[in-house]
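Attaching a single structure in C-alpha cells format; questions to follow.
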Number of protein chains: 2
Amino acid sequence: MAVMTEQAQPPRRRARAPRERSRTSHSIDAVIAGAIEILDESGSQGLTTRALATRLGGGPASIYWYVSGREELLDLAADSVLGGVLAAVSDVGREGSGDPIENVRTIAVAMFDVIVDRPWLGAYAMRNTARQVHSLQLYEKLGEQIMRLGLSPRDCFHATSAIVGFVIGTAADMGQQLPPEVASGDVGRDEYLAGAVHQWRALDPEEYPFIHHIVDEFAGHDDRDQFRAGLDLLLDGLHLSAGR
Amino acid sequence: MAVMTEQAQPPRRRARAPRERSRTSHSIDAVIAGAIEILDESGSQGLTTRALATRLGGGPASIYWYVSGREELLDLAADSVLGGVLAAVSDVGREGSGDPIENVRTIAVAMFDVIVDRPWLGAYAMRNTARQVHSLQLYEKLGEQIMRLGLSPRDCFHATSAIVGFVIGTAADMGQQLPPEVASGDVGRDEYLAGAVHQWRALDPEEYPFIHHIVDEFAGHDDRDQFRAGLDLLLDGLHLSAGR
DNA sequence: ACCTGAACACCGTTCAAGT
DNA sequence: ACCTGAACACCGTTCAAGT
C-alpha cells in the first residue's frame with residue numbers, strides 16, 4: 001500500500017429527495033454507481049465527465065458538486081467496489097476463527113478476483129486511505145490475521161504490505177492495458193495470447209532458453225492459477241518466518 | 001508480466017546525419033531520451049506531444065514519424081530505462097555462477113530501485129514484450145536463474161511471474177500518485193507521511209487494532225526495506241518449494 | 001443547496017503540404 | 001525520407017447564473 005493522501009475532505013453531502021422534477025438530481029451514491037457502470041463497460045478511458053453527466057441525465061458541471069475531480073471519482077469508485085469484497089469476507093477470521101494464513105489467503109483471493117475482472121481497478125485500489133475507507137478496512141482485516149502469527153510489529157507491517165502489494169500489483173498487471181480490441185471483447189483473449197506465444201516461439205532458443213522452457217505453460221495458463229501459485233510462495237515464506 | 005501486444009511494427013528508422021540545417025532533425029534515440037527527461041522532471045502527465053516537440057526543437061507532428069503514438073512512446077521510454085538495469089546486472093549469474101536465489105534477489109532489487117526513483121515507470125515496465133526487448137531479456141534472465149532450481153516448467157513459469165509481478169507491482173504502488181506537491185519536491189515526503197500517520201493515530205483503537213500496532217513502523221519506514229522484506233518472504237517460499 | 005450552459009485552456013492525432 | 005503548421009475532435013475544469 002502506498003502512502004496516503006490529503007486530509008482535507010471536500011464538501012460532499014447526500015442529496016435529499018428532489019422536491020421538484022424540473023431539474024435532475026443526483027447523490028454521491030448515484031454518481032459513483034454511474035461511474036462504476038461506465039468503467040466496467042469501457043474502462044478508465046471511457047469515464048469522461050461528459051459521459052457520466054449524460055448517463056446521469058445532467059450537465060457535466062454537476063458532478064463537481066459531489067467530487068473534487070476525476071481522480072477522486074476514480075478513488076471512490078474503486079473503494080466502493082472494494083467495499084463489496086469487504087462485505088463478502090466479513091465472516092472470515094471472526095473472533096479469531098480459522099487458521100490465520102488460510103484466512104489471509106481467502107481475503108487475498110477475493111480481492112484479486114474482483115480486480116482481475118475490472119482492469120480499471122488496479123490503478124486506484126488501496127492507494128489513498130484518507131478517502132478510501134473500505135480499502136483501509138481491508139488492510140486492517142488482513143493485518144489482524146497476520147498479527148495472530150506473533151510477529152514483531154515491524155514484521156507484521158512488512159508482511160501485510162507485501163501481501164497487499166502482491167495482490168494489487170499482480171492483478172493490476174494482469175488486467176492492464178489489453179489492447180482495446182481485446183478489452184472490448186472483439187478479439188478473443190485466447191487468440192490474443194496466441195499471438196504472443198507465436199512471437200515467443202520465434203525467438204532464438206540459444207538466446208532465450210527460459211522463454212522456450214515455459215512457453216507451453218504460458219500458452220495455456222490461467223491468470224487465477226498463476227496468481228494463486230505466487231500467493232502460495234509468499235504465504236509459505238510467511239509461514240516459515242512465523243515459525244522462527 | 002501481463003499479456004504481450006501487437007506483432008506489427010511501425011515504420012521506424014534511424015535518422016541520418018542532417019544535410020542542411022534548415023529544419024530540425026531527430027532520431028528515435030533522441031526522441032526517447034527527450035521523453036525520459038520530461039518524464040523524470042514532471043511525470044507521465046508532463047509528457048505531452050507539444051512539450052516533447054518543443055524540447056526537441058520541432059513541431060508536434062514530427063514525433064509521429066518515429067512512434068505510433070503516446071502509448072508506444074511510454075513503452076519505449078520504459079524499456080530504455082530497463083535496458084540500463086539489464087546492462088548493470090549483465091554479469092549476474094554468468095555461466096551458472098553464484099547462488100540462483102541470490103542472483104534473483106540481486107536482479108529484482110536492481111529493477112525495484114530504478115522504478116522507485118521513476119514513478120512513471122511502474123505503469124509501463126514489462127508490459128509488452130513485443131516492443132520492449134529489454135523487458136523481455138530481463139524476464140528471460142530472471143527465468144534462467146529460476147530454471148536452475150530444478151522446478152517443473154509450470155512452477156518455473158509461476159515463480160518467475162510471481163517475482164516480476166511483485167517487483168513491478170510493489171514499485172508501481174510505492175511510486176504511485178504522490179500528490180503533485182510531493183512529487184515535485186515542494187512538500188517533503190516526511191511531512192507528507194506524517195499527515196497519514198496523524199490520521200491513522202486518530203482512528204479508534206478498538207476498531208483498528210492492527211493499524212495502531214504498526215503505525216510507528218509505518219511512520220519511520222523505508223520503502224526499500226519494505227520491499228526487501230517482502231522479497232525475502234517470496235524467495236524463502238521459493239527456496240522451500242525448490243527443496244521439495 | 002444544488003444544478004446548468006457556456007466557455008477556457010489544453011490535449012493527442014491527422015493531414016496536406018513542404019523540403 | 002523526414003519535418004511543418006494548422007486544424008479537428010475531444011478533454012477536465014471553472015464560473016456566473018439560475019432555481
Side-chain angles (χ1 to χ4, degrees), chain A residues 9-32 34-35 38-39 42-77 120 123-124 177 179-180, chain B residues 9-32 34-35 38-39 42-77 120 123-124 177 179-180:
Chain A
Q9 293 290 73
R12 219 183 305 133
R13 315 268 147 65
R14 312 254 147 195
R16 342 192 144 206
R19 306 198 155 199
E20 308 182 7
R21 282 255 152 246
S22 54
R23 294 189 306 171
T24 2
S25 173
H26 315 322
S27 66
I28 327 169
D29 299 302
V31 170
I32 293 175
I38 295 180
L39 287 164
S42 37
S44 168
Q45 251 200 2
L47 181 66
T48 67
T49 327
R50 287 163 177 82
L52 179 54
T54 305
R55 171 156 322 214
L56 296 174
S62 66
I63 293 156
Y64 288 82
W65 197 84
Y66 295 95
V67 137
S68 71
R70 197 183 120 94
E71 287 287 289
E72 184 177 314
L73 182 58
L74 260 319
D75 280 343
L76 294 178
W120 58 271
Y124 297 91
Q177 276 298 106
Chain B
Q9 293 289 76
R12 220 182 305 134
R13 315 268 144 67
R14 314 254 146 194
R16 339 189 146 208
R19 306 197 156 200
E20 308 179 7
R21 282 257 151 245
S22 55
R23 293 189 306 171
T24 4
S25 172
H26 316 321
S27 67
I28 326 169
D29 300 301
V31 170
I32 293 175
I38 296 181
L39 288 164
S42 37
S44 167
Q45 250 199 4
L47 181 67
T48 68
T49 326
R50 286 161 177 84
L52 178 54
T54 305
R55 170 155 324 213
L56 296 173
S62 67
I63 293 156
Y64 287 83
W65 197 83
Y66 295 96
V67 137
S68 72
R70 195 183 120 93
E71 287 286 290
E72 184 178 313
L73 182 57
L74 261 319
D75 280 343
L76 294 177
W120 59 271
Y124 296 91
Q177 278 297 108

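Here the structure is a predicted model, which means the values were calculated and not measured. Every chain is numbered from 1, with letters handed out A, B, ... down the list of sequences.
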N or O in side chain of B/Tyr64 less than 4.0 angstrom from C/dC15 OP1/OP2: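 No, because none of the side-chain N or O atoms of B/Tyr64 sits under 4.0 Å from OP1 or OP2 of C/dC15.
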Which part of the nucleic acid, if any, lies within reach of B/Leu52 when heavy atoms closer than 4.0 Å are counted: base, sugar-phosphate only, or nothing?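 No contact.
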Looking only at side-chain atoms of A/Trp65, point me to the closest of D/dG12, C/dC2, D/dC2.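 Nearest listed nucleotide: C/dC2.
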Nearest heavy-atom neighbours spanning B/Arg55 and B/Gly34: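 Scanning both residues, the minimum pair turns out to be CD-O, 4.2 Å.
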At 4.0 Å (heavy atoms only), tell me whether B/Leu47 reaches a base, stays on the sugar-phosphate, or touches nothing.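 Result for B/Leu47 = sugar-phosphate.
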Pairs under 3.5 angstrom, nitrogen or oxygen only, protein versus nucleotides 5-7 of chain C, please.
unit_1 : atom_1 : unit_2  : atom_2 : d
C/dA7  : N6     : A/Arg50 : NH2    : 3.4

Close side-chain approach of A/Val31 to A/Leu76, heavy-atom, < 4.5 Å: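 They are not in side-chain contact.
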Would you say A/Thr48 reaches D/dC10's phosphate, i.e. side-chain N/O to OP1/OP2 under 4.0 Å?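 Indeed not, no polar side-chain atom of A/Thr48 lies that close.
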Kindly give the heavy-atom pair with the smallest separation between A/Gly58 and A/Thr24, and that separation in Å.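 Where A/Gly58 meets A/Thr24 most closely, the heavy atoms are CA-OG1, 3.9 Å.
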How long is the gap from CG on B/Leu47 to CG on B/Leu73, to the nearest 0.5 Å?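 Reported value, rounded in 0.5 Å steps: 5.5 Å.
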Determine whether A/Tyr66 and A/Ile32 make a side-chain contact, defined as any pair of heavy atoms from C-beta on separated by less than 4.5 Å.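 Not touching, per the 4.5 Å side-chain cut-off.
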With sequence neighbours left out, which residue pairs that include part of residues 56-65 of chain B fulfil the salt bridge (charged side-chain N to carboxylate O under 4.0 Å, His left out) condition?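 Qualifying pairs, neighbours excluded: none.
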Give the stems involving DNA chain D, where a stem is 3 or more consecutive Watson-Crick or G-U wobble pairs (i with j, i+1 with j-1, and so on) under 3.5 Å.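 C:4-8 with D:12-16, C:12-16 with D:4-8 - these are the stems of 3 or more pairs that involve DNA chain D.
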Would you say A/Thr24 reaches C/dC3's phosphate, i.e. side-chain N/O to OP1/OP2 under 4.0 Å?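 False: A/Thr24 side-chain N/O out of range (4.0 Å or more) of C/dC3 OP1/OP2.
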Which atom of B/Ala51 lies closest to which atom of B/Gly46, heavy atoms considered: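 Reported closest heavy-atom pair: CB-O, 3.8 Å.
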